[in-house]
Every structure is written in C-alpha cells, then in structure tokens.
Amino acid sequence: MALHSTILLLLAANTLGVEHSSKCHLSGTWKNELGSNMTIDSSANGRLSGSYHTAVSATNSAITVSPLEGLQHLEEKVTFGFTVRWNFTDSVTVFTGQCFVDDKGDAVLKTTWLLRSNVHTITDDWKATQVGTNTFTRQPSKAS
C-alpha cells in the first residue's frame, strides 16, 4: 500500500510540474548567446512590441536600442515573428521562432533571423541578406 501511495504522489507531482511550466509567455526580458538583450511586451490579441539592444554589429556607428514589433500565436508552444528596425544603421532584421520549456522548466526562444542591409546597386543585392540563428533565455525580473 505504501508503494502504491508513493507512486501516486510522484505521478501527481510530475503532472502538476508539467502543467505549471509547459506554457511559454513571451513578455519579459531575454538574452541570447552573443549578449544581445530584448524586452518584449505581448498583448492578449497576440501583438508584440518592445526593444532590442544588440551586442554585435558590422557598422561603425554607436549601437543604440532599437524598436521591435511582431505577432505571436497564443498556443501552448508559442510561435512568433518580429521585426527590428535598427536605429543606428539602415538595416532591418526579421526573427521567427518558437518558445519552448526546457527540462528545468525554463522558457527558451529558438529563433532564425534574416538581416537585410541597404546596398547601393542591384548588382550588390547578392550580399545584402544574412541569415542566422539565436537562442534566447529569460532574464530575471528587476525589482522595482
């Protein structure tokens, strides 16, 4: 009887833990493996807004925080897309990705991006778009 009760308790604890941490929420502050930070606000209708502060750039201009806007699906495993219009250069990046919950219960954003740079002639179009991936992890909230 004791073994039966222990198994039931373990199953209940496991089920509660999965339910509690399986939903991804995009609102918050995120950091990627390169040190870039973004803050996302998500609305009930799936709209995203916020800011992106990149840690890397190929321009000589001073890096400044830039706006982001996008959309998300409001499913359990959230898929999303957003655009960053860089304030310090004439480039735009689009990100698309999905929010996952890892084994520890932490939210992780897996993204693929396209960076479009301005080129002066159509013959330079071939070098205007770069593609890459980033993984973002949620950062702790700052105490007010």
How about H53: does its NE2 atom have over 12 heavy atoms from other parts shown lying under 6.0 Å from it? yes

Please round to the nearest 0.5 Å and tell me the distance separating atom CG of N32 and atom CG of N37. 8.0 Å

Could you state whether L109 and L115 fall into the same hydrophobic cluster, counting links through intermediate Ile, Leu, Val, Met, Phe, Trp or Tyr residues with side-chain heavy atoms under 4.5 angstrom apart? yes

Sole residue of L74, L48, D41 in side-chain contact (heavy atoms from CB on, under 4.5 Å) with L26: L48

If you draw a 6.0 Å radius around CD in Q139, do more than 12 non-hydrogen atoms from other residues or ligands fall strictly inside? yes

How close do C99 and A107 get, heavy atom to heavy atom, and via which atoms? SG-CB, 4.2 Å

Donor-acceptor contact present, side-chain S27 to main-chain S42, <3.5 Å: yes

Pair N134-L34, side-chain contact (heavy atoms from CB on, under 4.5 Å): steps then yes or no: CA-CA 8 Å; N134 287 121; L34 300 174; 3.9 Å; yes

Please confirm whether the backbone N or O of T39 pairs with a side-chain atom of T29, one donor and one acceptor, at under 3.5 Å? no

So how far is it from M38 CE to T54 OG1, rounded to the nearest 0.5 Å? 11.5 Å

Minimum side-chain heavy-atom gap R47-L71 below 4.5 Å: yes

Does V108 belong to the same Ile/Leu/Val/Met/Phe/Trp/Tyr cluster as W30, with side-chain heavy atoms less than 4.5 Å apart forming each link? no

Quick check against the 3.5 Å criterion: does N87 have a side-chain atom that pairs as donor or acceptor with the backbone of V65? yes

Could you state whether V56 and Y52 fall into the same hydrophobic cluster, counting links through intermediate Ile, Leu, Val, Met, Phe, Trp or Tyr residues with side-chain heavy atoms under 4.5 angstrom apart? no

Can you classify the ring geometry of W113 versus F95 as parallel (below 30°), tilted (30 to 60°) or perpendicular (above 60°)? tilted

Can you list the steps and then say if I40 with F80 is a side-chain contact (heavy atoms from CB on, under 4.5 Å)? CA-CA 12 Å; I40 298 176; F80 59 88; over 6 Å; no

Pair C24-V101, side-chain contact (heavy atoms from CB on, under 4.5 Å): steps then yes or no: CA-CA 7 Å; C24 283; V101 176; 3.8 Å; yes

Ignoring hydrogens and geometry, is there a side-chain-to-backbone donor-acceptor pair from Q98 to K110 under 3.5 Å? no

Enumerate donor-acceptor pairs with a distance under 3.5 Å from any side-chain N or O in residues 117-125 to protein atoms, sequence neighbours excluded.
{"from": "N118", "atom 1": "ND2", "to": "D90", "atom 2": "OD2", "distance (Å)": "2.8"}
{"from": "T121", "atom 1": "OG1", "to": "T123", "atom 2": "OG1", "distance (Å)": "2.8"}
{"from": "T121", "atom 1": "OG1", "to": "D124", "atom 2": "OD2", "distance (Å)": "3.4"}
{"from": "D125", "atom 1": "OD1", "to": "R116", "atom 2": "NH1", "distance (Å)": "3.1"}
{"from": "D125", "atom 1": "OD1", "to": "R116", "atom 2": "NH2", "distance (Å)": "2.6"}

As an exercise, state the distance from CZ of F100 to OG1 of T135, rounded to the nearest 0.5 Å. 10.0 Å

side-chain contact (heavy atoms from CB on, under 4.5 Å) evaluation trace for E69 with T83: CA-CA 6 Å; E69 292 187 30; T83 301; 5.8 Å; no

